[in-house]
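Proteins come first, then strands; the chains are lettered A, B, ... in the order of their sequence lines, and each starts at number 1. Not measured: the values here are computed from a predicted model.
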Amino acid sequence: MSVSSFAGPFVPELVLLAGTLLIFLLDVLKVRRIELTGGIAVAATLAALGVVVADLGFAPLAFLATVPASQIDVAPAAGAAPLFAFTSFGLVFQAIFLLATFFVALASVSRPSDERGAPIFYGLLLLATIGMLLVAIASDLIFLLLAIEVVSIASYLLVAYTRKDVRGLEAAMKFFVIGALSTVLSFFGASLLFGAYGTTNLYLIRAAGTAVGYPVLVLLGYGFLIAGLAFKVTLVPFHAWAVDVYDGAPDDVSAFLAGGTKKIGVFAFFLVFLGPVLAVGAVGSSGYGLFGGSVALGASFQITLGALAVVTMTVGNVLALLQKEMKRMLAYSSISQAGYMLIGIAIGTAPALGGATLQVFAHVLMKTGAFLVVGAAAAIGVGPLIDDWRGLGLKRPLLGVSFALMLLSLAGVPLTIGFVSKFVLFSAAVDAQGWFIWLAVAGLLNSALSVFYYARVLKVMFFDAAPAPAGAPAGSVVGGAGPPALPLGGIGYGRAASLAIIAALIVAFGIYPQAVLGAIQSAAYHFVTVGA
Amino acid sequence: MLPLISIVLATLLLGTVGTFLAGSRARWVALGTSAVFLAEVALLLASYPGWPGYSSSLVPGFSDTETYSWISVAWLHVDYAVGVDGISLIFILLTAILQVATVVYSWGETHRPAGYFGLVLLTCLGCFGVFVALDVLLFFLFWEAVLVPMFFLIGYWGGPNRRYAALKFFIYTHVASIVMLVGLLALVFYSGATSLDFSAVYAAAGNLAPVVQTFLFLALFFGFAVKFPVVPFHTWLPDAHVEAPTGGSVLLAGLLLKLGGYGLIRWAVEVLPHGFHSAQPLLFLIAFITIVWGSVLSLAQRDLKRLVAYSSINHMGIVLLAIALDSSLGLLAAVLLMFAHGIVSGLLFMASGSVHHQYGTRDISSLGGITPSAPALSTMIMAGSLASLGLPALISFPAEFTAFLATWNGLGYWVLIPLVVLVVTAGFYLWMMQRMLFGEKKGVPLDVHDVPWYEGAGMGLLVALTVLFGILPSLLVNVIVNSPIRGWPGT
Amino acid sequence: MTDLSLPGFLALSAALFGIGVFGILTRRNFILLLISIEIAMNAVILNFVYFAAFPAGTSGLSGQSIAVVLVGFAATEVAVGLAIVLALNRLKGTINVARATELKE
Amino acid sequence: MSLEELAFLALALVAIGTATAALLVRELVHTILWIAIFFVDLSAIYFLLSAPFLGVLQLGVYAGAVTILLLFGIMTTRKRIFSREAVTGIGPVPVALAVVTFIFLASALGELPQSTTAVQSYDPTALSQNLFGPNGPWLLLLGLIMLAGVAGAIYLVREGRE
Amino acid sequence: MIVGFAGTRLGRLEWGGWVAVAFSAAAMVLGVLIAVGEAMSPGTYTNVQFTWLHLAPAPGAFPNGFSLVMGTLVDPLSSLMLVVVTVVGFLVMLYSIGYMHHDHGLPRYYAELSLFLASMTGLVLANNLLEFFLFWELVGVCSYFLIGFYYEKPSAASAAKEAFLVTRVGDVLFLLGIFLYFSVYATAGPNGGWAANGFVFVHGASPFLPLPGANTPTLTIAGLLILGGAAGKSAQFPLHVWLPDAMEGPTTVSALIHAATMVAAGVYLLAVASVFLGFTPTDQLAIVAVGGFTAFFAATMAVVHPDIKRVIAYSTISQLGYMVLAIGAGFAMVGLYHLFTHAFFKALLFLAAGSVIHAVGTQDLFKMGGLKKHMRLTAAAFAIGGLALAGIPPFAGFWSKDDILGSVYSVLGTHPDYWPFFLLAFAAVFLTAYYIFRAWFLAFSGDGPRDPSLPTPHEGPWVMQVPLVVLSAMAVVAGLFVFFPGFQNLLLGGAGLPGIPPTFTTTDLALSAVSVGLGAGGIGLAWSLWGNGRVFVLSETSAIQPVRRLLLNRYYFKVGYDWIGLRAVYTISRAADFFDRFVIDGAVRGLERIFAAGSNRLRSIQTGLVSDYAAYVVGGLLALFVMLLIVGPYLLARLGGS
């Protein structure tokens, strides 16, 4: 296969790459207005999104399609080791990733227009997005890990892009150290698997199943892989970086990290532990454990991932309970949400995969939106503590209502997408029967626990009296020189539009989830069928 | 055929939104919505076979049903399915009545009225939804939707300890609903039901093994038991009631507690007969303990609202007992009793709210002789108390009588427990009236007036209904008995 | 050709990995952290190389390809890490990670 | 024990020793020296494994570029190049974690074939055909990583004029 | 049709009382007409008005369906009772106009009184046991309100509560009795059984009693429970405590409710039950025992009491005991006959006492004295009432009481175990005569009030006098009604009613003579001790002083009940409350603390130092190894490796 022969299906990636290069070119030409660079990024993202959606087979966009339907969800020929494959499941994820990028890119247009970091921000954003799109089509472990690294490297630099913010740089440093460690872990795992299977192709690895000479090597390799990927998904105890990074990073970047890049880890989990984790029920004949004994490899992974899921959501929620800072609270909540998604992976049935994917989709809307609201609030001079938000809900209805919707959705309140996704996910857990019902119970109890801190924020925003107006006028926080106040009372059109769209989608899909669930579920079915 | 139920839902939804947006005129919007709601419910009732006259030739079943596919993927089918049968109609009627009464009673609410009335309407909307839902997800959705407004009602308009009470209310009931949801989901998926529609679940539930049924029943029962609430899951109730604003208390006692009983009848009892039967001794035990506990504790209370709250526990114990009997008479009694309790406890909570407004305290021992200064209020309290202790010609009597008769039929001399407790119940109400209403004036400011007209009107409405349905319980019974309940005539 | 056995290489890479981990956990100087990471990364590359030399299948050629790619990747990583820490150093005047604990709890 | 095995043993011991030394010496410049030796040592191991291309790459990229990059990093972050690091205590927990990690990895040793076998060697042409043929996307991805890394890194270290 | 006059509750203004009087008059006319009609053509008719509650037939539980109905039943029993209720009701209403005119809250008073009359009428006319119970409860609550009419007085409020609670105990027993009967008759008997037809009494040819298997322990217990209910309402031993305290209410109320009508409802219940449900021999013995014992027991307490109304109240209890005795012995109509006469003379006594209280403003006999100078009419009325009560011919009480004694005597041969209770009742005749004339002498004879602070007494207005006159007349002649054939029809009732023995005119003369003699003796003793303003003071060292104290303290029953009601139950409930708050609720709070503490503890691991984070990562990696290599395989081996 030569490079030119697969250029066609990569139109979304190429569009984004073109956008990136254009932005860098303009930067070199000292054209740095954020409206322009941001506009390019938004346009590129939208175009890519259109193509992906068309590839998925939505009739109105069919003229945009670049991957023929005959190439989607096709199982590889026996022995073939393709590095990437187009699955409808991957395309769904591509769409989700592009959506996250779109929201962030749109909202970021509302930053001060003379900001010098704009080109690098948007360039890295688009590069990271390319990496994300590539993750979603990977079918090879090394391809997958390298694609993740594209995202990682871009993310480290995105967190640091302000250059002058100590908190941002500290966050970037921590992000980098833990990220690099995790990269090493992942690749080490991949190397062990390569040693055991002789290949890094996921189809071949799955096909080999447990029929391999070095079972301990395999288990160790997967252990390393789980640990490495868990960094991206922020599973406990691989999560500690996330809180500091989400806290220290610029708000829009936090939104992108929590809402966007985190999900590539989830997809990687799907990919690596498909079905779940090699083949369900493949029973090894001899000593997998250190103490020997015949075990089902798949079931062992399921128990491990299940335990990881429960620990993650519980610790995340408990930690969020008494958090005083808004961004850190959201970070912990994001960690606990990752636990929910992992439930779907631990179960590994098509319904569970679909449920977890819906949860991913919901989380993109909710968490991206939430961090964007935080950014908007910071832009109008609201402090970092939850208590600084007193009375904001009534004073700024757009922020108040959209944030309330996002929090309610995170809490799983009915008629929001968050409720539907949890419902479907936990239904799938119960549907799988066996001990998986306990995952549903744990998840539900955790969602009960989570309601507290969301409710507290709502209380502060709507019930508590607003603090006395500070001396500084709104909008004076950004840039000491006092840039011209943005429209909409400092929030800006881009952010407002982004928030409004997110809020509308949260409710719209909450009321009529079939609009996305149908596509997601059938994609999940194909994914499981083709992968097996 | 008009999609009447959807119209009602839309009415309530629009009304709620309108109320939230209406600012200082919220009460008018709320009243208008309530009136329309009541009219629509009347229409529903009128179109329901079997009302007002009873006809034995009727085919019972759900009527006014609407079904639209909502979520449909390979393994999960959820419908927007609504409909009513006799039992849900009774509760819907209760919802409409209490909504009107609460709105009227709260006419003088000045603290963020838009939010207050909006939340009141939202609570009623949720309850209505629960009563009409014919799909597991829809049911659960409304079930949860009720919690949120109530949480805010308590947490924002409540008494001094409101935050704690609101949170406690939320923990308890939310955790319970979660266990219930797991139970419901397991019911759906373990039985192999083709969709989450009630009819599908009902049809498939027979496939479940008895042991599974028992576990499912216990899970569901836990969910409902907290709502009921039965001992020992009851401690959220007194706190929530004491701290809640009057309107909140009324809806809490009048409607939210009913959800537990409704759910138990709809789900546990109907769908899981084996589980139900194996759990029956446990239910009886819990019911008896609850009856005794609620009554004995009422006696120890000094706060009027707490007293009424514990008496609610006592009454709900009787409801549980009646349901647990698994006889048609018992179910009839349970539904009647819940309706009666909804009206009467609403009345009593309104009265305690008025006492608090007028005298600044609800401490029974520091009040006394309030009858001369507030005869109307005093009359309401008396009416409520007497109704609550089962005076004939008032609404509780036919319900309690049937409940006891059914208990006698099912359990024989065990009926002595609720009967003896009846004396204790009478005891604490009489003691309360003696100390608070009668006797010498104590701690009452001189310039106290009687209740304002709107509070009086709210309570008066409930008193009138107490008498009306006390004298003509057949108005309710004829509706109830047309329900498609196992062992019910005609099924 | 050369005759060798597999376990020794695994032991070596395990040891190098352990040393890398040890360094990451104990060193506070960012440069040393980078070096620790590179030691562990070299263990990874070594893994790929010797698994390519003792292939589980018929050929382990792609193992060497991966090793090549990883060498390039590791260099990029070092550059990025250095860039971040230089920017931090400019603001804080230190590259000791124990001094960068403003974000916590 | 064959000559090859003896050579490997020696190289392995040197690798472990230099890596440890690099982390434990208290002068950063010495660290760079040790780590350079470590990289060279590994390069030798690659040659031993009949992977000459990788050996050369290791020498060029690691022993050359990376080492200089690190040295550069030290020089820009220090006022005096030859200054000692402050002594930091080494707690038992990190050591234990590292040792247990090693033990877990070593637990796989038993199942690997113990006998000595001939090392498989590859023609550099085959390697390049593999790299630029079917596994070409890896290189493309590496290119993307480098693009992001270089663009971002340059931006970060460039002194802003604002 | 009769229930309709509950509408009088609308009386709101000063003339509200007159409205109530008018309606009660109308009711009286109707009631008397019905009774006369019934007397002219003995028979029964039932008119079921509406179904209250209905369940269609269902297999299993109620093969014939289940209903509750509301209806009326008029028969000799009910029409006799109806006359009592409506006539006395009307007279008391009329009397109230004068007696109550200076009180506050008159509309409430008339409304409650009217409601009471309505309920009482409903009770009398009820055609089924449930309806009976319904009105039974309603009269109870009216009684509660009326006793507590002077609610500002703590003692009144307390007495009202006590009355309600004690009768509530009876009600519960009654209800349980209904259930027991229901379990026997639910599907058996006429018209598909009670479940189908709604507990309806079926009159005449096929009473329930002869049903096969009916004469069982169940029925015995049911009968005893009914007796318990009746005892609560009619203040029979041991549920008698409330009635004397109920005298806290207005005297009119005492006359109407606590002498003539409501307390008689218990007796009426027993009569109805004996006719329609039947009692087993054990029940009968129990009823006889309760009646006979109460007749004597209550009389003893009346002997020493200083309060004029309470003396009369105890006499009421005692007289009700006679009626119960008669019904127990199988003579329901005899009991009702006494009820009929008793209603008049007891109402008379109360109204006369009310007149006295109205005049002097106290109820303490020892403060009164010499009132007959100022209140001739009242004195005469009280005397007539007293004579009737004492059973002196030809006053009403003589005929009926003698009838009871004679009837019971006539069955002593077959039921020798009635003997002790017969003797107790007989002895009570003496005590009755003694205490009522003790009261008369204390109040009316002598030179003037013993307490000089009392106001100068005077007669009440005409509205108070008219009822006195009418009732006096009735007290004289009511006993003679029995000689009218129509009235005999009522008493003899329809088929199946155990009526008055046809030989009543030739009652055992000796028995009558002894009883009259006892009565006269009692009067004589009273005169010798208290006549002409004498005051008999028992010396402090007298041997019977402890007895007197025991009687004054009412055998310590009230103390005991209070202890159970207040101390014991209240203490238990406080303890339960403590348990509820601190143990059950404490568990919940504990859980909350655990979460908060966990949150704080966990938060402290977020140190901000990146090396620590790396350590977590490596630790997590090792944990994964442990899970994958050790725990997972172990678990799966344990669980069967599925």
Region of D:Ala19 in contact with chain C, defined by heavy-atom distances below 4.5 Å: both
Spacing of D:Asn135 atom CG and C:Ser62 atom OG [to the nearest 0.5 Å]: 6.0 Å
Min side-chain heavy-atom separation D:Leu48-C:Tyr50 under 4.5 Å: no
Proximal component of C:Ile84, with respect to chain D [non-hydrogen, under 4.5 Å]: both
Portion of C:Phe17 that has a non-hydrogen atom of chain D nearer than 4.5 angstrom: side chain
Distance in Å, D:Leu156 CG paired with C:Leu86 CG, rounded so as to fall on 0.5 Å steps: 9.0 Å
Pairwise distance OG1(D:Thr117) to CZ(C:Phe54) - rounded to 0.5 angstrom: 5.0 Å
Leading residue by heavy atom contact count with chain D [cutoff under 4.5 Å; candidates C:Val80, C:Ile35, C:Val78, C:Val68]: C:Val68
Side chain to side chain contact (heavy atoms under 4.5 Å, CB included) evaluation trace for C:Glu38 with D:Ile35: CA-CA 10 Å; C:Glu38 287 314 314; D:Ile35 204 70; over 6 Å; no
D:Leu109 CG to C:Leu6 CG distance, which is reported to the nearest 0.5 Å: 9.0 Å
Chain C interface, residue from D:Val93, D:Leu105, D:Asn130 that has the most non-hydrogen pairs under 4.5 Å: D:Asn130
Structural part of D:Leu42 lying under 4.5 Å from a heavy atom of chain C: side chain
Heavy-atom side-chain contact between D:Phe102 and C:Val21 under 4.5 Å: no
Criterion side chain to side chain contact (heavy atoms under 4.5 Å, CB included) on C:Leu70 and D:Leu142, from CA distance to verdict: CA-CA 9 Å; C:Leu70 285 188; D:Leu142 183 59; over 6 Å; no
Among C:Gly20, C:Ser59, C:Gly23, residue most engaged with chain D (heavy-atom pairs, under 4.5 Å): C:Ser59
Contact winner vs chain C - D:Ala106, D:Ala22, D:Pro113, heavy-atom pairs under 4.5 Å: D:Pro113
Top of C:Leu61, C:Ile45, C:Ile39, C:Ile24 for chain D proximity - count of heavy-atom pairs under 4.5 angstrom: C:Leu61
Min side-chain heavy-atom separation C:Met41-D:Tyr62 under 4.5 Å: yes
Derivation of the side chain to side chain contact (heavy atoms under 4.5 Å, CB included) call for C:Asn42 and D:Gln58: CA-CA 10 Å; C:Asn42 271 288; D:Gln58 175 80 6; 3.1 Å; yes
Donor-acceptor contact below 3.5 Å, side chain D:Tyr122 vs main chain C:Ala52: yes
Most chain C-contacting option - heavy-atom pairs closer than 4.5 Å, from D:Leu139, D:Val150, D:Val66, D:Leu57: D:Leu57
Smallest separation among heavy atoms of D:Pro94 and C:Thr26, with atom names: CB-CG2, 3.5 Å
Within-4.5 Å side-chain heavy-atom neighbours: D:Thr76 and C:Asn89: no
Side-chain touch C:Leu12/D:Ile45, heavy atoms, less than 4.5 angstrom: yes
D:Leu141, part contacting chain C, at a heavy-atom distance under 4.5 Å: neither
Heavy-atom pairs under 4.5 Å with chain D, option from C:Ala83, C:Ala11, C:Ser65 with the top count: C:Ser65
Pairwise distance CH2(D:Trp138) to CD1(C:Ile66) - rounded to 0.5 angstrom: 4.0 Å
Contact origin within C:Leu34 toward chain D - heavy atom pairs under 4.5 Å: side chain
Leading residue by heavy atom contact count with chain D [cutoff under 4.5 Å; candidates C:Ala75, C:Gly60, C:Ser36, C:Ala98]: C:Gly60
Chain C contact via D:Leu127 - which portion, at a heavy-atom distance below 4.5 Å: both
For the student: nearest non-hydrogen atoms of C:Pro55 and D:Gln120, plus distance: CG-OE1, 2.7 Å
For the student: nearest non-hydrogen atoms of D:Tyr46 and C:Leu46, plus distance: OH-N, 3.6 Å
For the student: nearest non-hydrogen atoms of D:Gly149 and C:Thr76, plus distance: CA-CG2, 4.4 Å
Contact origin within D:Leu69 toward chain C - heavy atom pairs under 4.5 Å: both
Matching residue for D:Ile74 among C:Ile95, C:Ile31, C:Asn29 - test: side chain to side chain contact (heavy atoms under 4.5 Å, CB included): C:Ile31
Between OG1 on residue D:Thr101 and CZ on residue C:Phe22, distance to nearest 0.5 Å: 12.5 Å
Region of C:Thr94 that comes under 4.5 Å of a non-hydrogen atom in chain D: neither
Under 4.5 Å from any heavy atom of chain D - which part of C:Phe9: both
Heavy-atom proximity to chain C below 4.5 Å, by part of D:Ile16: both
Nearest heavy-atom neighbours spanning C:Ser5 and D:Ser115: CB-O, 3.5 Å
Considering all heavy atoms, the nearest C:Leu4-D:Leu49 contact: CD1-CD2, 4.4 Å
Region of C:Leu16 in contact with chain D, defined by heavy-atom distances below 4.5 Å: side chain
